[in-house]
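Beneath this line is the structure, given in structure tokens, with notes to follow.
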Amino acid sequence: MEPKIVEKDQIILVGFSFYGDPFAESDGWTEENEIGRLWRRFLAYWAENADRVKHLRGGDLSYEVHIGGYEETDSMGHYEVFVGMEVAELEDVPVQLLVKVLPPTRYAVFTLRGEQITSDWPRTIYDEWLPGSGYESAHDYLIELYDQRFKGLENLAESELDICVPVR
Amino acid sequence: MSQIVSICRAIDFVEDNLREEIAVADMADAAGYSLYHFCRTFNSLVHHTPYDYLMRRRLSESARELVETDKRIVDIAFDYRFNSPETYSRAFKRMFGVQPSQWKERERLDRRFLMPRLTREHLAHVNAGDYLRPVLEERDVFQVAGLMTLVADDGETVSRLWEVLARELAGVEDADYYGITWYPAGWEESGVFYMAGIEVEVVDSANPGLVVKAIPPLTYARFIHRGARGDLPLTLDYVYQTWLPKSGERLVYPLEIVCYGRELDATQPDAEWEVFIPIRRT
């Protein structure tokens with residue numbers, strides 16, 4: 001897996017958030033977990049209210065951001081998952097939406113295909129690629145970028161997903 | 001299967017470090033996974049979060065020490081890496097429903113409620129299918145005729161009881177076989193009451209050498225045990241240690257009922273037995 005290195009300006013997102021161990025309630029026999037629930041909650045809201053959000057950009061691109069670096073991230077496996085859409089600026093944001101501002105940074109962008117999407121790619125990226133890359137992790141988050149190339153978990157073989165890892 | 005092997009490495013790591021300051025990230029390292037992938041895989045195979053499993057193992061070992069040693073509660077709390085006796089008491093009460101001091105006074109252990117060290121066999125058993133997902137079932141009163149005794153060994157008494165019962169019941173057909181266990185207080189020392197029997201409609205049709213027991217109307221969580229008789233403890237560990245705390249239900253009687261169906265053949269490797277755990281009085 002070789003990444004593209006790209007510079008990105010600050011990214012402003014509006015969306016919904018979960019904090020904790022997102023798999024705590026799933027009993028292993030269902031796909032049900034907090035990330036899936038978060039997406040359903042967000043998409044249901046978005047279907048009704050997208051036109052209330054001004055300065056949308058990014059078209060059909062949607063963001064899933066995993067944010068660690070909390071005191072409990074390492075000790076308990078708790079982290080934040082934020083899902084949302086990009087806006088160019090903030091104006092009259094509906095109160096239901098949270099705002100997340102990602103700093104301007106350089107990203108290593110990996111394209112995952114098919115089975116790679118459900119593999120342990122964070123390990124491949126952080127433990128195998130990063131140490132020999134000449135880069136280091138710049139921030140405690142990463143972005144999963146979903147667009148029309150992602151056809152759903154049931155069509156994994158035809159799907160692609162971009163992972164953006166902040167580096168310096 | 002290789003996932004189970006990796007998760008077992010994390011479980012072994014927990015066992016080696018129960019009294020050390022370890023984090024879920026260290027468990028992930030032991031498994032060779034990223035934290036994200038580890039949490040996801042661990043939950044899906046073990047049905048506990050890694051942190052929940054770690055805490056339950058620590059609390060279970062501490063509970064054993066409370067009863068089996070003369071150590072002070074505060075020392076045990078710090079030994080198992082709780083920040084204060086208060087944090088320890090709260091966590092202890094959440095898992096066992098009583099304070100550590102109350103548990104110590106009992107001077108007994110009910111190992112059904114201790115989280116065992118999970119093994120590869122546990123994980124393989126739990127992940128062999130979704131038959132361990134229970135169904136809630138209301139049952140009216142029913143009667144079982146058979147033989148009952150106090151069992152304090154590892155199964156020899158139970159096997160003998162079934163042999164004797166088979167002779168007593170020679171000629172009986174079309175009846176469901178039941179194994180009923182009652183855990184009296186202090187059963188770890190005294191043993192459990194075990195009844196081997198068949199369901200009967202009419203009491204006076206039963207052999208007068210048999211005892212008859214009426215099981216009151218109850219709502220049960222009914223699980224399917226699939227596997228050999230010897231694997232039944234794996235199913236029961238799952239029921240008491242994983243399903244029960246997650247479900248928010250509680251046992252209304254220390255009673256465990258296994259229905260073997262019409263044919264009792266404990267040597268079949270793919271037997272399917274029903275396990276009933278009473279969770280509500282009706």
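This structure is a prediction, so every number in the text was calculated from the model and none was measured. Proteins come first, then strands; the chains are lettered A, B, ... in the order of their sequence lines, and each starts at number 1. The figures here come from the full heavy-atom set of this structure, side chains too, leaving out hydrogens, waters and symmetry mates.
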- Message: I'd like to know which of B:Ala28, B:Ser34, B:Ala25, B:Gly32 tops the heavy-atom pair count under 4.5 Å against chain A.
- Response: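 Among the listed options, the one with the most contacts to chain A is B:Ser34.
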- Task: Give the ring-plane orientation class for A:His78 versus B:Tyr51, where under 30° counts as parallel, over 60° as perpendicular and anything between as tilted.
- Result: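 Plane angle over 60°, so perpendicular.
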- Mutual orientation of the aromatic rings belonging to A:His66 and B:Tyr36 [parallel < 30°, tilted 30-60°, perpendicular > 60°]: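 Aromatic pair A:His66/B:Tyr36 classed tilted.
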May I ask you to check whether over 12 heavy atoms, not counting those of [X], lie within 6.0 Å of atom [atom1]?
X        : atom1 : value
B:Arg19  : CZ    : yes
A:Glu154 : CD    : yes
A:Arg37  : CZ    : yes
A:Arg149 : CZ    : yes
A:Gln148 : CD    : yes
A:Arg41  : CZ    : yes
A:Gln10  : CD    : yes

- Taking atom types as modelled, find out whether B:Thr49 and A:Asp21 have a side-chain donor-acceptor pair closer than 3.5 angstrom.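 On atom types as modelled, these side chains do not qualify, holding no pair under 3.5 Å.
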- Heavy-atom proximity to chain B below 4.5 Å, by part of A:Thr124: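 Contact with chain B involves no heavy atom of A:Thr124 at all.
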- Message: If I measure from the heavy atoms of chain B, does A:Leu142 come under 4.5 Å with its side chain, its backbone, both, or neither?
- Response: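 Neither part; nothing is under 4.5 Å.
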At what distance, to the nearest 0.5 angstrom, does [atom1] of [X] lie from [atom2] of [Y]?
X       : Y       : atom1 : atom2 : answer
B:Met27 : A:Asp74 : CE    : CG    : 13.0 Å
B:Thr41 : A:Phe23 : OG1   : CZ    : 8.5 Å
B:Asp52 : A:Met76 : CG    : CE    : 9.5 Å

- Query: Given side chains that start at C-beta, do those of B:Arg40 and A:Asn33 come closer than 4.5 Å, heavy atoms only?
  - Reply: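 Contact flag for B:Arg40/A:Asn33 side chains = yes.
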